[in-house]
Amino acid sequence: MKMKRRSFLKACGVMTGYAVLSVNIASEAFAAAMSFVASRQKSVYAADANPKIYKFRKSQNNPMITKIYNKDGGFLHDGPCGHKSHELLHTEYIDRSAKLSALKAKGYKLNF
Amino acid sequence: MRLIEGVMYRNYAPKDGTDPDRITFVQVDADKCQACGACEEVCATGAIQSINDDEIHQVVDPVACMNCGQCLTNCPYGAIYEGVSFVDELFEKLKDPDTIVVSMPAPSVRYGLGECFGAATGTYVGGKMHAALRKLGFNYIWDTEFAADVTIMEEGTELIDRVKEQGEKDARPLPQFTSCCPGWIKFAETFYPDLMPNLSSCKSPIGMLGPLAKTYGAKETDTNPKKIYTVSIMPCIAKKYEGIRPELTDSGFSDIDATINTRELAYMIKKAGIDFNNLPDQDPDPVLGESTGAATIFGNSGGVMEAALRLAYEVLSGEKLNDPNIKVVRTHEGIKTADINVPNFGVVKVAIASGLKNAAKICDEVRAGKSPYHFIEIMTCPGGCVNGGGQPLDPEIQASLFRSTVAQINRRFRARKIKA
């Protein structure tokens with residue numbers, strides 16, 4: 001195989017890169033990204049446990065939840081998964097696999 | 001095109017009735033792509049591939065893309081843009097005195113937004129966020145967190161019902177999967193449609209708040225629902241797809257009129273000249289605004305599970321759950337499983353996964369009939385919504401030219417090994 005100028009420069013880059021680096025930087029970058037996520041996660045749990053931010057920690061204790069599900073005249077008075085809930089808050093799903101098969105039939109390789 | 005918090009956006013707000021499967025929500029700018037392949041590595045479905053000999057990448061078809069945007073947040077070159085943005089339309093609606101604009105921010109937005117104004121990663125800015133939305137001119141500061149509490153009531157009850165009806169004729173199957181995450185839902189519909197009966201029939205929190213705003217909210221505030229314009233504010237790109245799903249019209253109108261993400265909200269606050277850091281902390285409007293700790297943890301992988309267990313425990317056992325911290329289901333990445341002992345009931349078996357490659361492993365298990373679980377939570381983004389594709393970017397990924405160069409070298413090296 002004849003080596004083009006561009007590929008030659010890239011190969012040099014590869015060699016230089018591996019000469020300089022002895023650790024796997026990709027996994028290090030991944031670890032850095034996950035510590036970034038961890039800071040946000042930690043903050044979420046701290047807010048959950050902070051009574052100055054959230055007076056209640058269980059959904060069923062939210063006074064506005066009690067109000068909306070109130071058996072006497074609440075908007076969702078027939079309770080969770082009741083008639084009104086099914087009308088407004090529940091849904092059905094749509095099989096999209098035919099679109100996927102059509103795409104695969106065109107020759108695209110996907111992971112699943 | 002317009003630059004918003006380090007990401008390019010096309011100014012395109014799809015009209016009602018547009019087929020969401022035809023819209024490209026995430027795409028690569030071929031001129032900026034450096035062929036490093038970082039996007040391909042993080043894409044679970046393989047929707048983003050190299051399309052020529054120079055290994056320039058593209059999302060090959062919107063059908064294969066779950067719109068999670070993990071490629072976008074992991075691209076070291078800022079080469080990936082968003083294809084949909086409601087920002088201009090929203091600015092117009094906020095100016096229109098005849099439109100009642102309703103805010104619906106997701107839990108995770110308040111843990112990311114501050115970063116765009118110089119705060120440390122993860123800083124909670126919920127109070128300032130509500131104040132900023134008021135300043136921007138939103139008429140009602142309602143909150144998706146309230147709907148997260150509603151979701152727990154609905155989804156927790158559904159789970160308890162499913163467990164009770166096992167053995168009966170026409171029983172809905174177990175395990176029950178969560179249905180909050182739009183990337184996961186599209187994934188299940190596309191790749192595992194046979195598991196659709198296992199999906200909770202509950203809409204996501206935003207899917208619930210939209211119709212509640214135009215029915216219950218309209219009634220409580222004496223507002224004509226026709227005038228209400230609901231704005232979903234998300235840490236997510238896939239929620240833009242969910243927002244225009246044609247079936248979400250149970251209020252009698254389009255339930256969700258616009259969807260923006262954390263970066264776009266930061267852009268709007270800056271554009272409006274609001275001094276975010278000096279805003280006072282404010283509460284949302286109570287009718288559809290008050291929320292609990294159970295709602296805010298929806299943003300983390302394992303959060304929906306923990307919130308649901310805080311309800312299921314009390315309903316199934318008839319006892320009070322003294323310590324709401326169920327740390328065994330909290331998860332940083334990958335797959336986690338747990339057995340929860342519920343008095344007067346028995347063991348509730350649960351699994352939590354984030355990242356669609358992990359989701360696929362769990363789906364294969366369920367498909368094979370080998371899944372021992374009652375309830376499974378799936379999130380598309382590793383770690384959950386706090387790491388969503390619509391959140392402020394991790395400064396580490398683009399900041400270091402050195403690191404991105406190394407990523408490129410690594411990629412080339414691996415590609416060479418495979419070819420050789």
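In what follows, every heavy atom counts, from backbone to side chain, and hydrogens, waters and symmetry copies are set aside. Bear in mind that the values here come from a model prediction, so they are computed numbers and not experimental data.
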Which value, rounded to the nearest 0.5 Å, describes the distance between B/Asp394 atom CG and B/Asn387 atom CG? 8.5 Å
OG1/B/Thr121 to OH/B/Tyr111 distance, rounded to the nearest 0.5 angstrom? 15.0 Å
At a 4.5 Å cut-off on heavy atoms, which part of [X] comes close to chain A: side chain, backbone, both, or neither?
| X | value |
| --- | --- |
| B/Val42 | neither |
| B/Pro107 | neither |
| B/Thr331 | backbone |
| B/Cys381 | neither |
| B/Glu155 | neither |
| B/Leu321 | both |
| B/Ser204 | neither |
| B/Leu393 | backbone |
| B/Phe187 | side chain |
| B/Arg245 | side chain |

What residue, out of [options], has the most heavy-atom pairs lying under 4.5 Å from chain A?
| options | value |
| --- | --- |
| B/Lys219, B/Glu220, B/Glu154, B/Glu158 | B/Glu154 |
| B/Thr157, B/Asn300, B/Asp149, B/Asp250 | B/Asn300 |
| B/Asp364, B/Asp283, B/Ile152 | B/Ile152 |
| B/Ser291, B/Ala308, B/Ser201, B/Ala294 | B/Ser201 |
| B/Pro392, B/Pro197, B/Gly384 | B/Pro392 |
| B/Lys357, B/Arg330, B/Glu145 | B/Arg330 |

Charged N to carboxylate O under 4.0 angstrom, [X] versus [Y]?
| X | Y | value |
| --- | --- | --- |
| B/Asp255 | B/Lys214 | no |
| B/Glu314 | B/Lys320 | no |
| B/Glu242 | B/Lys186 | no |

With side chains defined as the heavy atoms from C-beta onward, is the minimum distance between [X] and [Y] less than 4.5 Å?
| X | Y | answer |
| --- | --- | --- |
| B/Phe298 | B/Thr151 | yes |
| A/Leu88 | B/Pro211 | yes |
| A/Leu100 | A/Leu110 | yes |
| A/Lys106 | B/Asp61 | yes |
| B/Glu247 | A/Glu92 | no |

Under a 4.5 Å heavy-atom cutoff, which of A/Leu103, A/Asp95, A/Ile94 has the most pairs with chain B? A/Ile94
For chain B, the option from A/Ile65, A/Leu89, A/Asn50, A/Thr91 that forms the most heavy-atom pairs under 4.5 Å: A/Leu89
Taking the six-membered ring of B/Tyr124 as reference, does the cationic atom of B/Arg110 (NZ for Lys, CZ for Arg) lie under 6.0 Å from its centre and within 45° of its axis? no
Examine whether an atom of [X] lies under 4.5 Å from a heavy atom of chain B, and if so say whether it belongs to the side chain, the backbone or both; otherwise answer neither.
| X | value |
| --- | --- |
| A/Lys99 | both |
| A/Gln41 | both |
| A/Phe56 | both |

For atom NE2 of A/His83, decide whether the heavy atoms of other residues, nucleotides or ligands shown that lie under 6.0 angstrom number more than 12. no
Closest non-hydrogen contact found for A/Phe112 with A/Lys104 is O-NZ, 2.7 Å
